S.K.: 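First the structure, which I've put down as C-alpha cells, then a few questions once you've had a look.
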Amino acid sequence: METVIAGNIQGFKQQDAVLIISTAEAQARIYVYSPSIIRVTISKKQEDEDPSYAVIREPLADFDIDESAEFIKVNTSALKLVINKSPLRFNFFTADDKPLSQDDNRFGTNWQGDRVITYRKLYPDEKFIGLGEKTGDLNRRGTSYTNWNTDAVDYGLKSDPLYKTFPFFVGLHSGLTYGLFLDNIHKSYFDFGATTDDEMSWFGADGGDMNYYFFGAQGVAKIIEDYTWLTGRMEMPPLWSLGYQQCRWSYMSAKEVLKIAKTFRKKKIPADVVYCDIDYMEGFKIFTWNKKTFADPKGMMDELKAMNFHLVTIVDPGIKIEEGYRQYDEGIANDYFAKYPDGENYTGYVWPGRCHFPDFFRDDVREWWGAAFTALTDVGVDGFWNDMNEPAAWGQNMPWLVKFGDKYMPEVRNAYGMQMARATYNGTRTILNNKRPFVLTRAAYAGTQRYSAVWTGDNTGTDEHMLLGQRLVNSLGITGISFTGVDIGGFSGNPTPGLMVRWNSLGVYTPMFRNHAIKGSKMREPWEWGKANERIIKKDIEQRYRLLPYIYSGFYQSALTGLPISRTLAIEFPFDEKVYYERFQNQFMFGDALLVAPVESDKLTTDVYLHKGDWYRLSTDEKLKGGKIVNAPSPLTDLPVFVKAGAIIPMQSVLQNTTEKGDGILQLHVWNGKAANEFVYYEDDGNSYDYENGFYYRRTIRFDPKAKKVTLSAVVGNFASRFSKLKMVWHGFEEMKITKKLIELENEQLEIFYNL
Ligand code: GLC
C-alpha cells in the first residue's frame, strides 16, 4: 500500500465562507465557525463533504487571511492558524503567538489507502483529557484508543472500544488549552504519544476525510462551551428522571412491577421511576406487550401513576422476522431495513431470534419508528430506553457488506445508535405533545446530548468498576454528555452489601441515579441488603431528593452552557498536577459547589485532595484548608463530600417523589467564605416545554461577605415557584446558624443580612 502525503500547496482561493487549498494530492478546506473555532478538512477526493451528524452550526460568511511566500495565515481575534505552504502543514497559535498545536513537521496528514491520519507534535508537558466513554486514566497521555461502537459485554477496566464514539479531546500544555473534534464516523483512532517515543500524537480514521474542528479558547470550561455550541446541548430533562430510578433485567410481570413500586411507597424510600426490561414484550417484539404477564398495561400504568411512578420501557433496534408482526410487515412492505448489496435484507440474531435492522439513517424510517411509540405512550409510558444499538448482533461482527442507504456498515456504524435515539426522541416528543420524553441510549456519537441521556452499559459489581464508572461519567461530561449514569451496584456479578451501600451513596451525586442488574443476579432493591443497610440507602436517596433544587439548576446551567453536572477537577483546575494523580483522579465537582471523593467500600478513611481555598465537610460542617491532601473519614454512612467556601445550595425537604407538592419551603444553604459568590437558581414545571415560552422562574442568588448579606435578585420569567417561603441555613457563620423565621418568597429582590 502506498502512503500518500498531502504535499506542497499549488494554489488557493477564498470563496466566501471557505478557503480552498490545493496540492497535487489533496484539497484542504478551511472554515471559521467563530473566533475560537476553526475547521480544517483535508480530502483526496474533490467531491462533496459527508454530512455531519454532530454539527448544528454554519461557518461564518467571511474571514481574514494573509499570505506570504511561506505561509497562508488565518487570523481571528482569538486564534491564528498558520498554514505552511511547502509542505502543507497546519499550526495553531493563540492570538499572541503562543503555539497551541502543530502538525508533526515530518508527516502532517497522509493516507494509506482510504485510511487518513494526522500526526501532531507532542509537547513535553502535554496532557490530554476527553474522548467520552473510555477506560483508563483521566490523563490519556501515553495511551491509544479506537472508536468503534461495540456491545462490550463484561468490559474490563482497560477494555476498548466500548459503546460510544466521542472523537473530541482537550489538550493542555504550557499553561494553555485547546480542543480538537474529529468529525468522522468511520472507525477512528487516537494515539496520545503511546507509540512514538513521546515525539508525536496522532489521530485519524479508516475512511472519510480528515475533518477536524480546532478550539482555541483558553480554559477547559470555555472549550466545552464552544464544543457544545457546535454540537448542541441537552434540553431540560423531565424532573422525574432526576429522581431515583429502579431497574432490573427484568421485573417479569405487571404484578412484580407494581409490587416494587408499592414497596418503595410503603417503606417511604423516595423513588420516581421503575423500568421494564425486555421481558415485558411478547417474544421480545418491539412495541408489543406480553399478553400473559402484562395483560393490562394501561391498568398497570394507571396504578403506577396513582403512586406517582413513571415507567421506562426498553426498545432494541432488532425487529423480529415474523409475518403478522406489525413492525416486521411494515418494514418489509416499505423496505425499511438494512440490506446486502443485492437487496436482500440483512438478518442477525438478537433477543427475539432472527431480526432485521431499521435503517435509521433514512428520514422516512426514523419517522416510522418514532410514530410507532404510540404502542407505549397510549398507555402512559414516557421514558424510552434504547439498547443494543451499536448495533449489536450475537457474534458482534455485522458483515461489512451490510448497507444503510448507499453506505456500508463500516462507514456509518458509529452513528447508528445516535440515529436511533434521534428517531426515538423526535417521535416521542411529537406524540407526547408538550410533555418532555426521557430517552436513554447505550450507543452514541458526538451530539447525542441533543436527543438522549446515556448510560455506560454492562459494568460489573466491583469497587474498581465503581471508580472506573465515575471516570467514564466525568469524561462523558467533557464531551457534552451531561445526563449520564452507570448501573449502580454493577450490572454483572453481585456486589457485597457494603459496595451496594457505597455505590448508592455515590449515585446521589450522579446525574442519572439508576440501580440496574443482570438477570439471575441477587435482587438489588434498597431493602435487599439488611435493615441497617436499608436505612443508610434510604437516607442517601433522601439526600438526593433534598438536593433536587440544586441539581435541577445544575441541569439548567448545562442546558445553557454545556458545562456538565459531574465535572472532573481538570475542568476547574486544569494545571493543578495533583488532580491527575491516580489516587485523586476520580474526584469530581458535582455542580458548582460540591466536591465528591469516590472511595472503595472497604476503606474507612481516604485521602482527598482539596484544591486551595477553604472547604467544609458537607455532613459535619468541619472547615478544612485546601491546597493539600486531607485524610477524611469515609464510613459507609458518610461518603466524603465537601462544599466550597462561599457556596450557595438550594435544597428542599425530603419528598417521596418529584410530583409530590412538598412543604413549599425553599431551604437556602450558604457556607461562609471570604470571596463573593453567586448561583443561578432555576425552576420550571419540570414536565413541559412551556419554559421555552418564558414559563420559568429564575433568580440570581448572591453571597456578599463584605456587606454580610445574601441577595436574591428579582424573579425573571413567568412561572410561579412551588416554594412560597424561604428558610436560610447558615454554615460556618459565627453570627447565626439558622434563621428560625421563614421569609416570604416574594418575586421582588430580597436582601437578607446575617449580622443582625
Ligand atoms: C443489555 C443491556 C442491559 C439489559 C440487557 C437486557 O445487556 O446493556 O442493560 O438489561 O441487555 O435487555
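When a ligand or atom number is given, it counts from 1 through the structure's own listing order. These numbers come from the heavy atoms of this one structure, side chains and all, not from hydrogens, waters or symmetry mates. Note that this is a predicted model, so its numbers are computed, not measured.
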S.K.: Select one of side chain, backbone, both or neither to describe which atoms of Trp385 lie under 4.0 Å from any atom of ligand 1, heavy atoms only.
M.R.: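 Contact part for Trp385 vs ligand 1: side chain (C-beta onward).
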
S.K.: Can you find a pair of side-chain heavy atoms, one from Val273 and one from Phe438, that are under 4.5 Å apart?
M.R.: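 Val273 vs Phe438: side chains apart.
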
S.K.: Looking only at distances, can you tell me whether any N or O atom of Trp249, backbone or side chain, sits closer than 3.5 Å to an N or O atom of ligand 1?
M.R.: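 For ligand 1, there is no N or O atom that lies under 3.5 Å from one belonging to Trp249.
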
S.K.: Considering Ile518, Asn459, Asp458 one by one, which has a heavy atom nearer to atom 8 (O) of ligand 1 than any of the others?
M.R.: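 Looking at heavy atoms only, the winner is Asp458.
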
S.K.: Just which atoms of ligand 1 are under 4.0 Å from any heavy atom in Trp455?
M.R.: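 Per the distance check, 8 (O), 9 (O).
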
S.K.: Run Arg140 and Ser475 through side-chain hydrogen bond (donor to acceptor under 3.5 Å, both in side chains) and show every step you take.
M.R.: CA-CA 11 Å; Arg140 306 212 177 275; Ser475 180; 3.2 Å; yes

S.K.: Find all atoms of ligand 1 within a distance of less than 4.0 Å from any non-hydrogen atom belonging to Ile314, and give their numbers and elements.
M.R.: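 So the atoms of ligand 1 that pass are 12 (O).
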
S.K.: Apply the side-chain contact (heavy atoms from CB on, under 4.5 Å) test between Thr374 and each candidate in Thr428, Ile431, Val379; give the one that qualifies.
M.R.: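 Exactly one pass, corresponding to Ile431.
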
S.K.: Is there a polar contact between ligand 1 and His516, counting only N or O atoms under 3.5 Å apart?
M.R.: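 His516 vs ligand 1: N/O contact under 3.5 Å present.
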
S.K.: If you count heavy atoms of other groups shown closer than 6.0 angstrom to NZ of Lys259, is the number above 12?
M.R.: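 Atom NZ in Lys259 is not crowded, with 12 or fewer foreign heavy atoms closer than 6.0 Å.
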
S.K.: Between ligand 1 and Asp387, is the shortest N or O to N or O distance under 3.5 Å?
M.R.: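 Yes; at least one N/O pair falls below 3.5 Å.
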
S.K.: Any idea which part of Arg442 is under 4.0 Å from ligand 1, heavy-atom wise: side chain, backbone, both or neither?
M.R.: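 Contact part for Arg442 vs ligand 1: side chain (C-beta onward).
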
S.K.: With heavy atoms of Asp277 as the reference, note each atom of ligand 1 found under 4.0 Å away.
M.R.: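 Once the distances to Asp277 are compared, the set is 4 (C), 6 (C), 10 (O), 12 (O).
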
S.K.: Should we say atom OH of Tyr349 is surrounded by more than 12 heavy atoms from elsewhere, each under 6.0 Å from it?
M.R.: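 Check fails, neighbour count at 12 or below.
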
S.K.: For Asp183, does its backbone N or O pair with a side-chain atom of Tyr53 as donor and acceptor, under 3.5 Å?
M.R.: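 Judged by distance alone, no pair lies under 3.5 Å.
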
S.K.: Would you please say whether a donor-acceptor pair under 3.5 Å links the side chains of Thr484 and Trp455?
M.R.: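 No, because no side-chain N or O of Thr484 sits under 3.5 Å from a partner of the opposite role on Trp455.
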
